[in-house]
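The chains referred to below are lettered A, B, ... by the order of the sequence lines, with proteins before strands, and numbering in each begins at 1.
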Amino acid sequence: MTAPSALRAHEVVKTYGKGDSLFTALGGVSIDIRTGESVAIIGKSGSGKSTLMHLLALLDQPTSGQIAIDGQDAAELKNKQLNALRNHKFGFVFQQFFLNGNASVLENVILPLKIAGVGRTERIRRAHQALAQVELDDKAKSKAKDLSGGQKQRVVIARALIGDPSIIFADEPTGNLDSSTGTLIENLLFDLNSKHGITLIVVTHDPDLAERCDRQIHLKDGLIVKSVTRKATV
Amino acid sequence: MKIIDIIATANSNMFRSKLRTSLTIIAIFIGAFTLTLTNGLGSGISQYIDKEVGNLGAKDVLIIQGVGESTGLPSDAVKKYNPDKKTVSLESQGNRTITVLTDQDIAKIRKIDGIKSAEPFLNAQVDYVSAGSSEKYIGSVEQYLSGANYALASGKVITNAGKTPEVLIPVTYISPLGFSDAGSAIGKTMHFGVTNGLGNQSEVSATIVGVKEKSLAGGSGLSINSNLMDLLRKTQYTGLPPDTANSYQYATARFDPTISAAALTDLKSRLTKAGYSSMTVEDQIGSFKAVINGIVMVLNGFAIIALLAASFGIINTLLMSVQERTKEIGLMKAMGMSASRIFLLFSGEAVMLGFWGSLIGSVAAIGVGSIINRIVLSTFLKDLVGLQLLAFSPASVASIIGIVMGIAFLAGSLPAIRAARQNPIDSLRYE
Ligand SMILES: Nc1ncnc2c1ncn2[C@@H]1O[C@H](COP(=O)(O)OP(=O)(O)OP(=O)(O)O)[C@@H](O)[C@H]1O
Ligand SMILES: [Mg+2]
């Protein structure tokens with residue numbers, strides 16, 4: 001593996017609360033994620049998976065330790081740079097859908113481009129493109145609340161990839177779906193990873209999904225207990 | 001996010017909770033509606049007053065009166081007689097006496113620095129007026145002030161230089177005097193019945209030169225020129241001692257209208273020192289205007305109070321909106337939306353509430369105002385030609401909308417700051 005480092009966590013600790021109620025969600029985690037790699041973060045509920053993902057996505061600051069993006073310490077970045085980074089480089093699939101139910105599917109997918117300040121015609125064109133990628137272009141005008149669970153998850157993925165990100169963070173992307181829909185979503189994500197070289201960081205309970213990743217990181221009580229690298233097949 | 005997208009998003013967010021939004025807009029509507037109406041009333045009346053001052057035209061005239069013995073409250077104290085001051089007791093004003101002016105006073109006023117000319121304001125007692133074979137009507141005459149410009153229904157304004165007796169009659173006299181319309185009165189002869197000092201009644205005749213519209217300032221009397229005034233007075237004072245006519249309630253003096261306000265104040269204080277009080281036509285009407293302005297200001301105050309109450313509605317609406325959209329705010333922040341844009345998004349929503357509320361409010365006020373104008377001006381203010389009770393200028397309506405939007409922005413900034421400060425992680429974990 002010679003690809004450059006995309007994200008690196010060094011001895012990252014995250015605690016919540018103070019005094020008696022002090023709780024250590026992450027107790028010193030170090031990982032190095034390479035560009036184009038697909039990484040699964042697995043572990044029991046409450047083991048700190050989402051916490052780690054939020055830290056890697058620069059949505060939160062660690063209590064101690066460092067996060068580096070493309071070799072640069074994230075703590076040194078200004079708010080404006082952080083916002084630009086998250087807007088242009090990252091795509092998010094959160095544990096909940098976070099869709100605006102009363103707005104159209106198209107409006108929901110457009111949001112990251114709207115934030116980026118992309119013009120109207122351009123962003124509509126790209127939204128249709130992203131929706132076509134998840135095979136939902138025919139639902140562009142429907143209200144988001146009228147979709148099925150699997151369709152909603154596909155809308156969320158379209159929203160994550162519309163900005164042409166280099167890293168996609170996905171928290172339980174198949175958590176609430178039946179197995180066949182789950183497989184569809186999985187295929188979508190790994191397609192993006194293999195065809196477009198997008199780095200994939202997936203939080204999951206699902207062993208099948210984890211199996212398909214280049215690397216599996218097992219978390220337990222805020223610590224990495226096992227890291228399994230899949231043998232290169234090519 | 002582009003500003004245009006922020007505005008569009010703020011506007012559509014506003015309509016997500018339609019009932020809540022409409023209630024808030026109604027509160028703003030009430031404030032803006034009232035403010036537009038009271039403002040319209042103020043500018044309608046003051047425009048009319050300005051026009052009236054323009055009609056009177058006489059910008060170079062000072063009305064001069066002798067300073068009274070007692071200007072305070074009516075008092076029972078008996079005053080000493082002063083042989084140098086002629087006084088008239090005014091029953092209607094209690095025991096207050098005012099000092100009348102005599103020819104000596106007029107001469108004295110003429111000598112004061114800055115006074116170009118001074119004339120006594122003459123009065124005549126007319127028993128009745130009539131024209132042709134019409135019935136006799138009570139009429140009061142007032143001397144025409146050179147330079148005054150009345151709104152005329154027909155004919156032209158009289159001149160004091162005229163060598164023949166001339167009269168300007170109000171429109172209200174047209175049909176009683178037996179004329180079919182204003183035009184047919186022009187050039188006709190009119191008679192004035194006067195009783196002289198010996199108790200005999202006789203008539204003086206004059207030509208009707210013009211017909212004036214009714215107005216707020218001196219529209220009800222018959223305006224007559226100097227020539228007619230002299231004739232009437234000569235008849236009235238026949239048989240009386242010559243000194244009786246030498247008594248005037250006030251005098252009109254002319255000054256250079258181009259002098260500065262300070263110079264005018266100096267001139268007035270010179271008159272005060274000499275024992276006379278003086279007022280320009282504008283001073284007289286200005287005090288009336290000050291009263292109107294005061295009333296309008298109080299009414300505006302009520303409207304502003306209504307708007308303040310509405311602004312709490314805005315704060316409340318937006319706090320609820322921020323609460324409801326916690327997750328959305330978190331998502332937008334996670335996707336790289338800056339805190340300042342989040343602030344703009346929510347304060348923009350407040351400004352939009354203010355915009356729609358005040359737009360609908362002022363449009364409704366203009367609609368209601370023009371209905372009120374039509375009703376009032378066709379009924380009890382019918383005679384005041386040129387009056388528009390409520391006047392709305394695009395500039396004043398625009399500034400009201402601007403003010404309301406400003407208030408809404410201030411009200412919205414508290415919830416907007418709260419939204420901007422939200423931590424994306426907390427917002428994303430929010431249930
Ligand atoms: N803001 C917070 N304050 C206090 N404790 C927190 C906070 N956020 C997370 N935690 C705690 O940190 C621990 C890790 O949470 P996290 O969400 O990372 O779990 P997870 O591994 O993603 O679990 P799941 O699979 O159920 O999503 C949990 O015990 C949680 O209660
Ligand atoms: Mg989680």
Which donor-acceptor pairs under 3.5 Å do side chains of residues 29-44 of chain B form with protein atoms, sequence neighbours excluded?
| residue | atom | partner | partner atom | Å |
| --- | --- | --- | --- | --- |
| B:Thr34 | OG1 | B:Ile30 | O | 2.6 |
| B:Thr36 | OG1 | B:Ala32 | O | 2.6 |
| B:Thr38 | OG1 | B:Thr34 | O | 3.1 |
| B:Thr38 | OG1 | B:Leu35 | O | 3.1 |
| B:Thr38 | OG1 | B:Asn300 | OD1 | 2.5 |
| B:Ser43 | OG | B:Asn39 | O | 3.2 |
| B:Ser43 | OG | B:Gly40 | O | 3.4 |
| B:Ser43 | OG | B:Ala391 | O | 2.9 |

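- Neither the backbone nor the side chain of B:Arg325 comes within less than 4.5 Å of any heavy atom of chain A.
- Contacts between A:Phe98 and chain B at a heavy-atom distance below 4.5 Å involve backbone atoms as well as side-chain atoms.
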Verdict with reasoning, B:Met337 to A:Asn83, per side-chain contact (heavy atoms from CB on, under 4.5 Å):
CA-CA 6 Å; B:Met337 182 125 152; A:Asn83 283 334; over 6 Å; no

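- Residues of residues 115-124 of chain A that come within less than 4.5 angstrom of chain B, heavy atom to heavy atom, are A:Ile115, A:Gly117, A:Val118, A:Gly119, A:Arg123 in numerical order.
- A donor-acceptor pair is defined here as one N or O able to donate and one able to accept, closer than 3.5 Å; no such pair exists between the side chain of A:Arg86 and the backbone of B:Met335.
- Of the atoms belonging to B:Leu428, heavy atoms from both backbone and side chain fall under 4.5 Å from chain A.
- Near-neighbour residues of residues 38-66 of chain A relative to chain B, defined by a heavy atom under 4.5 Å from a heavy atom of that chain, comprise A:Ser50, A:Thr51, A:His54, A:Leu59, A:Asp60.
- Residue-level contacts of residues 342-375 of chain B with chain A do not occur; threshold 4.5 Å between heavy atoms.
- Looking at A:Gln96, the atoms closer than 4.5 Å to chain B (heavy atoms on both sides) all sit in the side chain, from C-beta outward.
- Looking at B:Leu331 and A:Phe92, their side chains never come closer than 4.5 Å, going by heavy atoms from C-beta outward.
- To the nearest 0.5 Å, the span separating CG on A:Leu82 from OG on B:Ser338 amounts to 12.5 Å.
- The environment of A:Leu22 atom CG is dense: over 12 non-hydrogen atoms of other residues, nucleotides or ligands sit within 6.0 angstrom.
- Residues A:Asn100 and B:Arg16 are in side-chain contact: their nearest non-hydrogen atoms beyond the backbone lie under 4.5 Å apart.
- Remark: B:Asn423 CG is packed, more than 12 non-hydrogen atoms of other residues, nucleotides or ligands lying under 6.0 Å away.
- Of the residues considered (B:Lys327, B:Arg341, B:Glu328), B:Lys327 shows the highest number of contacts with chain A, using heavy-atom pairs under 4.5 Å.
- If you measure heavy-atom distances from B:Ser12 to chain A, you find no contacts under 4.5 Å at all.
- For A:His10, the NE2 atom is loosely surrounded, since the number of other residues' heavy atoms within 6.0 Å does not exceed 12.
- Remark: B:Phe15 CZ is packed, more than 12 non-hydrogen atoms of other residues, nucleotides or ligands lying under 6.0 Å away.
- Heavy-atom contacts from other residues, nucleotides or ligands closer than 6.0 Å to OH of A:Tyr16 number more than 12.
- Other residues, nucleotides and ligands contribute only 12 or fewer heavy atoms inside 6.0 Å of the NZ atom of A:Lys139.
- In terms of modelled atom types and a separation under 3.5 Å, the side chain of B:Asp5 and the main chain of A:Lys114 share no donor-acceptor contact.
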